[in-house]
Amino acid sequence: MNRFVLCSILVACLLVLSTYHYLNHDRHEAYPENEEVINGVEGTVSVSGTVVDRSDEAFTLRLTIISLVPVASGDKVEVLGVLGDELIPEEMIISTKWSHHAIYLRSLLGLALVLIVFVKYWTFDRRSLRFVPKRKRE
Amino acid sequence: MPDWLAHVLFAYVLCSVLGMKFKTFTKANTALVMAGALIPDLVKVKLGFDLLGIDVRPFLEPFHTPIGSLLSAALIALLFTEGLVVFSLFVLGFITHLALDLLLVSVSGGMLLLFPVSWAEYQLGLIHSDNYVVALLLLALAVLVYIFQNRKLPGRRVNRSRGVP
């Protein structure tokens with residue numbers, strides 16, 4: 001099959017898949033998430049975000065979480081909890097600001113490794129407009 | 001997600017081990033599996049939009065599912081000669097990615113492994129996403145494998161650099 005036709009079909013399939021998810025994801029979430037919480041739901045919710053403030057009894061994402069768990073400004077937090085006037089957590093995952101930055105740093109290393117290995121063994125052929133293996137001896 | 005270093009090293013170690021048995025896993029093809037191991041994280045394009053204050057996660061999330069990764073792999077494989085072999089190697093790569101991500105902890109939900117047939121979410125909840133020990137262990141393993149592969153054996157010369165048999 002023509003490469004252009006196949007490419008068009010695959011892009012169309014990806015667009016349909018993404019649109020289907022975009023239009024239906026709200027109905028299939030296990031718990032209401034950030035957007036719905038801001039819009040005023042109550043009950044068990046799952047929210048996540050970056051800590052912007054911390055006091056003795058609570059910390060603030062964009063909403064205040066009543067918790068004594070030690071977090072610092074800039075930490076990433078995922079919270080599953082019951083929302084009334086305030087959110088009381090049942091489960092929490094906390095990534096400190098620096099451990100979160102370290103993920104990006106390690107990921108950059110991973111990306112660099114892939115690029116180096118790929119460029120070592122593959123090259124782009126301008127005539128066929130495709131990547132071809134480099135034919136060289138080790 | 002475990003970081004990309006963990007994903008890439010896991011793919012490398014797996015291919016190196018498989019390469020002892022199957023000739024398909026040349027170094028060039030291992031590079032493709034390593035690249036394929038990052039395909040599901042095309043969803044991370046959203047980070048760029050996050051900086052602009054635009055939430056595109058609900059639209060891009062399918063890229064981090066088996067079907068979305070399969071379509072992405074097929075699309076990228078069109079840029080290669082011997083597309084079918086390259087596609088198979090990409091598939092192996094993204095399977096390693098999804099397998100590692102399945103180990104992560106999440107307070108709610110998980111991975112949409114059967115999307116769009118089912119919206120059921122799966123997660124084993126064994127490691128935290130910021131856990132660096134996994135990457136460290138895989139790095140040690142990858143170094144060992146690399147040393148083992150490149151050890152000098154008397155009277156033996158093997159060329160494993162060529163891609164796509």
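The sequence lines fix the lettering, A, B, ..., with proteins before strands; numbering per chain opens at 1. All values below were derived from every heavy atom in this structure, side-chain atoms included, with hydrogens, water molecules and symmetry-related copies excluded. Here the structure is a predicted model, which means the values were calculated and not measured.
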To the nearest 0.5 Å, atom CD of E78(A) lies from atom NE2 of H128(B) at 10.0 Å

Separation between NE2 (H28(A)) and CD (E121(B)), nearest 0.5 Å, reads 10.5 Å

What heavy-atom pair brings I103(A) and S129(B) nearest, and what distance separates the two atoms?
CD1-O, 3.5 Å

For Y20(A), is the OH atom crowded, meaning more than 12 foreign heavy atoms sit under 6.0 Å from it?
yes

How far does CG of L17(A) sit from CG of L60(B), to the nearest 0.5 angstrom?
11.5 Å

Taking every non-hydrogen pair under 4.5 Å, which of F59(B), W119(B), Y132(B) racks up the most with chain A?
W119(B)

Going only through I, L, V, M, F, W and Y residues with side-chain contacts under 4.5 Å, is there a path from V132(A) to V85(B)?
no

To the nearest 0.5 Å, how far apart are CZ in F63(B) and NE2 in H21(A)?
12.0 Å

Considering only heavy atoms and a distance below 4.5 Å, find which of L109(A), V11(A), N24(A), L105(A) pairs most often with chain B.
N24(A)

Check the hydrophobic clustering (I, L, V, M, F, W, Y; side-chain heavy atoms under 4.5 Å; chains of links allowed) and say if F124(A) and F118(A) are grouped together.
yes

Would a hydrophobic clustering, with Ile, Leu, Val, Met, Phe, Trp and Tyr connected at side-chain separations under 4.5 Å, put L9(B) with L144(B)?
no

Is the shortest heavy-atom distance from the side chain of Y104(A) to the side chain of L47(B) under 4.5 Å?
yes

Tell me whether the count of non-hydrogen atoms from other residues, nucleotides or ligands lying under 6.0 Å of CZ in F49(B) goes above 12.
no

Which atom of D130(B) lies closest to which atom of I94(A), heavy atoms considered
OD2-O, 4.2 Å

Side-chain heavy atoms under 4.5 angstrom apart, residues restricted to Ile, Leu, Val, Met, Phe, Trp, Tyr: same cluster for V33(B) and L84(B)?
no

Could you grab the distance from atom CE of M34(B) to atom CG of L115(A), nearest 0.5 Å is fine?
10.0 Å

Just checking Y22(A): does its OH atom have more than 12 heavy atoms from other residues, nucleotides or ligands closer to it than 6.0 angstrom?
no

Minimum heavy-atom separation for R106(A) and D3(B), please, with both atom names.
NE-OD2, 2.7 Å

Checked A120(B), P116(B), A35(B) vs chain A; the most non-hydrogen pairs under 4.5 Å come from P116(B)

Is there a continuous path of hydrophobic side-chain contacts, each under 4.5 Å between heavy atoms, that joins L23(A) to L112(B)?
yes

Please look at D125(A) and chain B and tell me whether the side chain, the backbone, both or neither of the residue comes under 4.5 angstrom of a heavy atom of that chain.
neither

Atom CZ of R3(A) and atom CG of L79(B): how far apart are they, to the nearest 0.5 Å?
6.5 Å

Is any side-chain heavy atom of P62(B) closer than 4.5 Å to a side-chain heavy atom of L14(A)?
no

Within residues 66-78 of chain B, contacts to chain A at heavy-atom distances under 4.5 Å involve I67(B), G68(B), L71(B), S72(B), A74(B), L75(B), L78(B)

Check S107(A) against W4(B) and note the closest heavy-atom contact, atom names and distance.
OG-N, 3.1 Å

What I'd like to find out is whether the side chain of W122(A) reaches to under 4.5 Å of the side chain of L32(B), using heavy atoms alone.
yes

More than 12 heavy atoms of other residues, nucleotides or ligands under 6.0 Å from CG of L108(A): is that the case?
yes

